[in-house]
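All of these numbers come straight from a predicted model, not from anything done at the bench. Basis for what follows: all heavy atoms, side chains included, without hydrogens, waters or symmetry-related copies.
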Number of protein chains: 2
Amino acid sequence: MEPELTIQQVAEATGLSVHTLRYYERCDLIAPIRRLANGHRRYSTRDIRWIEFLNRLRLTGMPIRQMQQYAALMQQSPDETAQERRQLLEAHREVMVAQIQQLQENLAVIDWKIQHYGELEAKAKASGLFPPEDTQTNGQILPSRRSSNRL
Amino acid sequence: MEPELTIQQVAEATGLSVHTLRYYERCDLIAPIRRLANGHRRYSTRDIRWIEFLNRLRLTGMPIRQMQQYAALMQQSPDETAQERRQLLEAHREVMVAQIQQLQENLAVIDWKIQHYGELEAKAKASGLFPPEDTQTNGQILPSRRSSNRL
DNA sequence: ACTTGACTTCGAGTGCGCTCTAACTTGTAC
DNA sequence: GTACAAGTTAGAGCGCACTCGAAGTCAAGT
């Protein structure tokens with residue numbers, strides 16, 4: 001019933017390397033995995049869910065230290081530390097939201113610049129074979145509120 | 001007219017450290033800054049705009065190597081390499097968009113988990129002083145589509 | 001004359017998160 | 001038996017992006 005995957009399979013399933021999986025276990029992000037008689041790891045579906053969750057935290061930029069905290073609470077007592085864990089997650093949530101917002105802001109600027117390049121190229125094409133006259137404009141770097149073509 | 005800031009002031013203005021500013025110049029992210037007779041740097045507003053732009057790229061996860069490429073093109077010829085630079089930006093844009101989307105996906109999962117914790121706590125409060133009966137549920141890690149309270 | 005403080009360079013050091021190596025054990029296939 | 005594949009460990013190494021330290025220069029203030 002319970003699949004019980006090898007480390008290889010878990011690596012494939014989660015996108016982490018086998019090295020990383022062992023590394024995570026070493027630094028207590030993952031509780032000791034069940035072993036076969038020969039010492040080989042066998043991961044339960046539960047283990048895999050946990051790893052996938054860790055991966056999400058990681059992908060959203062949570063530092064390993066914090067994941068360790070979370071994992072430690074989990075191993076200490078899944079019940080009694082629930083509140084503390086929720087708080088950790090909520091704190092991280094705030095970070096994520098801020099992160100997303102900043103990315104979106106910066107995306108807007110990048111888009112603005114890309115569009116600007118498009119205009120320059122169009123102008124170049126329209127006005128002859130060589131690049132536009134406004135060398136300076138091209139060198140301009142940041143919109144910084146309503147900056148027109150001038151410098 | 002032109003302000004011409006010291007490295008200190010630029011650090012304050014941009015949020016980068018003076019160390020980092022020098023480091024960026026060393027590795028050609030920033031073209032050689034104008035110097036006073038005594039060797040001290042004086043940054044023009046143009047320089048600052050460029051630095052702010054770099055910072056945006058950095059904040060959106062562009063590796064220094066790529067920024068170097070962009071900077072190199074810029075120094076090579078602001079006009080003739082415009083197209084190439086636009087392409088670089090467009091490629092980066094794609095990365096950013098993907099990044100934002102993944103963050104949002106993961107945010108949704110984190111939110112789901114936080115909410116779940118909230119429910120557990122409410123249940124705990126409702127049913128007496130001690131934690132809820134479903135110890136296992138609490139240990140569950142990932143929603144992975146319609147996972148109910150079981151295991 | 002001397003201290004203070006802001007700057008300079010070069011090169012070394014740091015912290016993070018892996019990533020890899022070497023040496024070894026096990027289990028299976030031929 | 002012997003080769004091969006897949007696992008194990010401890011520990012070293014790596015790439016990135018800074019970050020810092022040491023030693024020196026220079027200008028202004030007392």
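Applying the salt bridge (charged side-chain N to carboxylate O under 4.0 Å, His left out) rule to B/Glu84 yields no partners; only residues at least two apart in sequence or on another chain are considered. Residues forming a side chain to side chain contact (heavy atoms under 4.5 Å, CB included) with B/Gln76 (at least two apart in sequence, or on another chain): B/Leu73, B/Thr81.
Here the side chain of B/Gln102 pairs no donor or acceptor atom with the backbone of A/Leu59 at under 3.5 angstrom. In this structure, B/Asp47 contributes its side chain and B/Ser44 its backbone to a donor-acceptor pair below 3.5 Å. Proximity of a side-chain donor or acceptor of A/Gln9 to a complementary backbone N or O of A/Thr6 within less than 3.5 Å is detected. Side chain of A/Gln68 to backbone of A/Cys27: a donor-acceptor contact under 3.5 angstrom is found. Under a 3.5 Å cut-off, the side chain of B/Thr20 and the backbone N or O of B/Leu16 do not form any donor-acceptor pair. Side-chain atoms of B/Arg85 never come within 3.5 Å of backbone atoms of A/Ile114 as a donor-acceptor pair (strictly under, hydrogens ignored). Judged by distance alone, with hydrogens and angles left aside, the side-chain atoms of A/Glu25 form a donor-acceptor pair with the main-chain N or O of A/Ile33 at under 3.5 Å.
Between A/Phe53 and A/Trp50, the ring planes lie tilted relative to each other; the angle falls in the 30° to 60° range.
Side chains of B/His92 and B/Thr60: a donor on one and an acceptor on the other come within 3.5 Å.
Using a 4.0 Å cut-off on heavy atoms, none of the residues of residues 90-101 of chain A approach DNA chain C. Near DNA chain C, defined here as any heavy-atom distance below 4.0 Å, the residues from residues 33-43 of chain B are B/Arg35, B/Gly39, B/His40, B/Arg41, listed numerically. Within residues 15-26 of chain A, the residues that place at least one heavy atom under 4.0 Å from DNA chain D are, in residue-number order, A/Arg22, A/Arg26.
In summary, contact between chain A and DNA chain C, defined as any nucleotide atom under 4.0 Å from a heavy atom of the protein, begins and ends at C/dC16 to C/dG27 in the 5' to 3' direction.
At a threshold of 4.5 Å between non-hydrogen side-chain atoms, the residues B/Arg22 and B/Arg41 count as touching.
Rounded to an integer number of Å, the gap from CD of B/Gln68 to C1' of D/dG15 is 13 Å. In this structure, CZ of B/Arg65 is placed 9 Å from C1' of D/dC16, rounded to the nearest angstrom.
More than 12 heavy atoms of other residues, nucleotides or ligands lie within 6.0 Å of CD in B/Gln87, so this atom counts as buried by the packing criterion.
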